[in-house]
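Some notes on the structure that comes next.
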Amino acid sequence: GRGGRERAIKRSIALGLAVRALAAAGSALAQTDSYYVTDGDAQRGVRMQGGGINLQWTLTDNQYPLAVANTIRIYATYDFNTGAEYDLDGNPTGVTYPFVGGGGQFLDGTTDGQSRNWACSFNDAGIWQYTQDWASPALAFSVPSLPEGITYDPTSDHLWVARSQAAGATQNVIEEYTTDGQLVSSFVYDTNLSNRLGG
């Protein structure tokens, strides 16, 4: 429907802006690790290094929430999609992750690299916890409005969640939560309503 196309366009614009910003910054970022991005609607995965794209590959389905450790494990965006595992060069390993539950319309994911993955659900404003193999979903906690991005901080065992005014937040905010949902800190990342972070 129209809403799906608008979300896809917004996500494509956000991906394009992120890639251009990284490219413009170039080596000034001193990026030492590979950075992986998915555009599930376009079934495209991207790896960036040193401020530029050094790999693109085709995803096997609409997949956004990725958990990168020794491999790239990506969960399904919707309940009619299937997730998959890829090696760090974007090659499918043959392992798949069927949608096993959660709020749906998952736009981002993260992992602690040990035993837990999380995904943020745009449908129910939920932060869902899974095993490392995207099994056993459990609602970890909910946020006040629709989350669009999530990452795990191993130094504090906390999660960072991005929410934008376009998704119902009163401001464009990034919030720090404990893994059981206690708000620790928050900051506004942009005052312009049309700017938003995702993934």
Side-chain angles (χ1 to χ4, degrees), residues 3-15 17-18 21 35-41 45 62-68 72-81 83 97 99-113 116-132 134 136-199:
R5 283 192 299 274
E6 288 174 355
R7 283 189 299 275
I9 289 168
K10 288 176 184 173
R11 283 193 291 266
S12 293
I13 290 169
L15 174 62
L17 291 173
Y35 180 65
Y36 292 89
V37 178
T38 56
D39 181 355
D41 290 352
N62 188 324
Q63 301 159 345
Y64 275 103
L66 71 163
V68 181
I72 307 163
R73 297 173 181 186
I74 310 178
Y75 192 53
T77 303
Y78 299 101
D79 60 358
F80 50 86
N81 298 131
Y97 306 112
F99 189 95
V100 293
Q105 193 170 354
F106 289 110
L107 299 182
D108 197 16
T110 191
T111 185
D112 66 4
R116 302 172 293 177
N117 292 348
W118 292 268
C120 59
S121 169
F122 200 77
N123 280 2
D124 68 354
I127 305 300
W128 289 81
Q129 183 177 313
Y130 295 80
T131 64
Q132 199 170 17
W134 294 112
S136 304
L139 181 63
F141 59 95
S142 295
V143 294
S145 65
L146 309 174
E148 298 177 295
I150 187 170
T151 194
Y152 174 77
D153 182 349
T155 60
S156 63
D157 191 37
H158 289 172
L159 297 168
W160 293 85
V161 177
R163 298 187 296 117
S164 74
Q165 288 177 302
T170 57
Q171 296 177 306
N172 294 327
V173 295
I174 294 179
E175 299 169 317
E176 178 185 11
Y177 288 93
T178 63
T179 56
D180 62 358
Q182 297 300 308
L183 181 63
V184 175
S185 68
S186 177
F187 64 91
V188 174
Y189 67 80
D190 198 318
T191 58
N192 185 337
L193 172 63
S194 62
N195 293 339
R196 57 193 289 197
L197 290 178

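In this text, all values refer to a predicted model and were calculated from it rather than measured experimentally.
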*Please identify each residue that fulfils salt bridge (Lys or Arg N to Asp or Glu O under 4.0 Å) with Arg163, with sequence neighbours left out.*
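Arg163: salt bridge (Lys or Arg N to Asp or Glu O under 4.0 Å) contacts with Glu175.
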*In chain order, what residues pass the salt bridge (Lys or Arg N to Asp or Glu O under 4.0 Å) check against Asp79, with sequence neighbours excluded?*
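Result, salt bridge (Lys or Arg N to Asp or Glu O under 4.0 Å) vs Asp79: none returned.
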So, for [X] and [Y], which heavy atoms are closest and what is the spacing to 0.1 Å?
X      : Y      : answer
Tyr130 : Gly101 : OH-O, 2.7 Å
Glu148 : Leu107 : O-CB, 4.0 Å
Phe106 : Ala119 : CD2-CB, 3.4 Å
Thr111 : Gly113 : OG1-N, 3.0 Å
Cys120 : Gly149 : SG-N, 3.8 Å
Phe122 : Pro147 : CD1-O, 3.6 Å

I'd like to know if the side chain of [X] reaches the main chain of [Y], judged simply by a donor and an acceptor atom lying under 3.5 Å from each other, with no hydrogens or angles considered.
X      : Y      : result
Asn172 : Asp190 : yes
Ser136 : Thr131 : no
Asp108 : Pro65  : no
Thr77  : Tyr64  : yes
Thr110 : Tyr152 : yes

*Would Glu176 and Ser156 count as a side chain to side chain contact (heavy atoms under 4.5 Å, CB included) if you check the C-alpha gap in whole Å, the side-chain angles of each, and the deciding distance to 0.1 Å?*
CA-CA 10 Å; Glu176 178 185 11; Ser156 63; 4.1 Å; yes
_Ring geometry between Tyr75 and Trp134 (parallel below 30°, tilted from 30 to 60°, perpendicular above 60°)_ = parallel
_Any side-chain heavy-atom pair of Ile74 and Tyr36 under 4.5 Å_ = no
*So do the side chains of Thr179 and Arg116 get within less than 4.5 Å of each other, counting heavy atoms only?*
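Heavy-atom side-chain distance check passes, below 4.5 Å.
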_Separation between CG of Leu159 and CD1 of Ile150, rounded to the nearest 0.5 Å_ = 4.5 Å
*From CD1 (Ile174) to OG (Ser186), nearest 0.5 Å*: 9.0 Å
*Any luck finding a side-chain donor-acceptor pair between Thr178 and Asp180 under 3.5 Å?*
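A donor-acceptor contact under 3.5 Å links the two side chains.
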*Given side chain to side chain contact (heavy atoms under 4.5 Å, CB included), test Asp112 with Trp118 step by step and report yes or no.*
CA-CA 9 Å; Asp112 66 4; Trp118 292 268; 4.1 Å; yes
